[in-house]
Amino acid sequence: MTKLKNDLLIRALLRQPVPRTPVWIMRQAGRYLPEYRATRAQAGDFMSLCRNPELACEVTMQPLRRYKLDAAILFSDILTVPDAMGLGLRFAEGEGPKFERPVRNVAAIQDLPVPDVHETLGYVFDAVRTIRRELDGAVPLIGFSGSPWTVGTYMVEGGSSRDFAIIKGLAKEDPAALEAMLGKVAKMTTDYLNAQIEAGAQAIQIFDTWGAALARDDYRRFSLASMQQIVDGLTREKDGQRIPVILFTKGAGEMLADMVGTGCDALGVDWTTDLKTARTYVEDKVALQGNVNPATLRESPEVIRQAVADALASYGKGPGHVFNLGHGITPDIDPDHLGVLLDAVHELSPQYHV
Ligand code: CP3
């Protein structure tokens, strides 16, 4: 196994001292990059890109060629898991994800299979191995999945949703059935992430984009409990190296305090909670990742630099900060503006690590 040439991300996630704050960007491989759009066109469509390990590797590497980033993130999607469960995923152009066979009732939940991940998602693990070979130890590779609740919203609603009316109806009418479904997704996701780790993923992030749509009690029952099930089942060490786990519930706010108890290593924070406040919620028991508003990247270089300075100052001195946006970079962003943000992190962060 190649030793990492740059292990700042791993060290910061484990709250170990670093000379500067490491940085990566959610959705760093994506449509804001012209080279990504060209490779996607070559693949034909988004899922064909995900299913082609060579091209998935190519788009994973694209942002690393342009920018000073401290991590690569596997190019894939959180919806590969329900697709493998037989729901029939398609990405209609300009419409977002759609499932042909959404899970709408108890019978469908009982019939939902939990297939072998090696048989159904082998293309993802092939991509992980291909990317690790290409990276050659330059930076760590982050593997990921969705949280069962977030993935479950797409499975039940049949696609993106504004109000989550159907799944919230199910939570009220038959909470045990919903828990059974989330349990199946958690089981499959645990196997999926462990296979990513086996193939070479060196850190894991669980994306819980829609957890904060739930009231705090329901969040604990339906979102946090199913993430807990995954964390409990994950491989935490490989080749003598700890595999850090990051949980990211967008809009978590005070629920960050509940998330610490899962045994994760780090929590993602969005821009609606400042890092200083988040640090008091988690009492420095875990690392924090975030949290510049992605919309800031539409502003001038001066405004972007100030946002970086503010986020660094808000976290303050000491280890345990991984710089990131508070959510994914959007397709409309000028790639040069991301360069401004990354340069500012490199320039301004060492003073917080003396
Ligand atoms: O660079 C990276 O961060 C890795 C790749 C990645 C993608 N999706 C690629 C993608 C990751 C980590 C995800 C996670 C994901 N997917 C989430 C959670 C994170 C978040 O942003 O909240 C969610 C909710 C999804 C589901 C999903 N995938 C939706 C709703 C959509 C359509 C909306 C959109 O942004 O276009 C996708 C498509 C998708 N996943 C794209 C990419 C680059 C765009 C597809 C395209 O090229 O047209």
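In this chain, numbering begins with 1 at the start of the sequence shown. In each ligand, atom 1 is the first atom listed, and ligand 1 is the first ligand listed.
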Ligand-residue contact atoms, ligand 1 with Phe207, heavy atoms, under 4.0 Å:
12 (C), 18 (C), 19 (C)

Heavy-atom nearest pair, Met259 first then Met227, reads CE-CE, 4.4 Å

For the student: nearest non-hydrogen atoms of Cys57 and Thr130, plus distance:
CB-CG2, 3.8 Å

Provide the number and element of each atom of ligand 1 under 4.0 Å from a heavy atom of Thr209.
18 (C), 19 (C), 20 (C), 22 (O), 24 (C)

Under 3.5 Å, is there a donor on one side chain and an acceptor on the other for Glu58 and Gln62?
yes

Glu198 and Asn194: side-chain donor and acceptor closer than 3.5 Å?
no

Here the atoms of ligand 1 under 4.0 Å from any heavy atom belonging to Pro97 are 29 (C), 30 (C), 31 (C), 32 (C)

Under 3.5 Å, is there a donor-acceptor pair between the Asp45 and Ser48 side chains?
yes

Nearest heavy atom to atom 10 (C) of ligand 1 wins, so pick from Phe144, Phe75, Phe248, Phe46.
Phe46

The one among Gln28, Gln205, Arg40 that brings a heavy atom closest to atom 48 (O) of ligand 1:
Arg40

Among Asp208, Ile78, Thr60, Thr80, closest by any non-hydrogen atom to atom 23 (C) of ligand 1
Ile78

If you measure only the distance, is there a donor-acceptor pair under 3.5 Å linking the side chains of Tyr219 and Thr249?
yes

Under 6.0 Å from the six-membered ring centre of Tyr315 and within 45° of its axis: does the NZ or CZ of Arg279 meet both?
yes

d(Leu89 CG, Tyr154 OH) to nearest 0.5 Å is 11.0 Å

Check Pro331 against ligand 1 and report side chain, backbone, both or neither, counting heavy atoms closer than 4.0 Å.
neither

Nearest protein heavy atom with distance in Å, relative to atom 4 (C) of ligand 1:
Leu74 O, 3.5 Å

So, Thr80 versus Tyr192: side-chain donor-acceptor pair below 3.5 Å or not?
yes

the protein heavy atom lying closest to atom 8 (N) of ligand 1 turns out to be Asp77 OD1, 3.1 Å

Check: Phe144 ring centroid to Phe207 ring centroid under 6.0 Å
yes

Flag: protein heavy atom within less than 4.0 Å of atom 41 (C) of ligand 1
yes

Counting heavy atoms under 4.0 Å, the part of Leu49 that contacts ligand 1 is neither

Gly328 to ligand 1, any heavy atom closer than 4.0 Å
no

Atoms of ligand 1 less than 4.0 Å from His327 heavy atoms?
20 (C), 21 (O), 22 (O)

Would you please determine whether Cys50 falls within less than 4.0 Å of ligand 1 on a heavy-atom basis?
no

Is any side-chain heavy atom of Asp174 closer than 4.5 Å to a side-chain heavy atom of Ile109?
no

N or O contact, Ser160 vs ligand 1, cut-off under 3.5 Å:
no

Given that the side chain starts at C-beta and the backbone is N, CA, C, O, which of these parts of Lys250 lies under 4.0 Å from ligand 1, counting heavy atoms, or is it both or neither?
neither

Tell me which one of Glu95, Arg27, Met47 gets a heavy atom nearest to atom 15 (C) of ligand 1.
Arg27

Number the atoms of ligand 1 from 1 as they appear, then name those within less than 4.0 Å of a heavy atom of Ser76, with their elements.
5 (C), 6 (C), 7 (C), 8 (N), 9 (C)

Residue-ligand contact Arg37/ligand 1, heavy atom below 4.0 Å
no

Do the two ring centres, one from Tyr36 and one from Phe75, sit under 6.0 Å apart?
yes

Nearest to atom 47 (O) of ligand 1, what protein heavy atom do you find, and at what distance?
Tyr36 OH, 2.6 Å

Can you name the nearest heavy-atom pair linking Leu33 to Gln28, along with the distance?
CD1-O, 3.8 Å

Considering Trp210, Phe91, Tyr154 one by one, which has a heavy atom nearer to atom 31 (C) of ligand 1 than any of the others?
Phe91

For atom 33 (C) of ligand 1, find the nearest protein heavy atom and state the residue, atom name and distance (0.1 Å precision).
Arg31 NH2, 4.6 Å

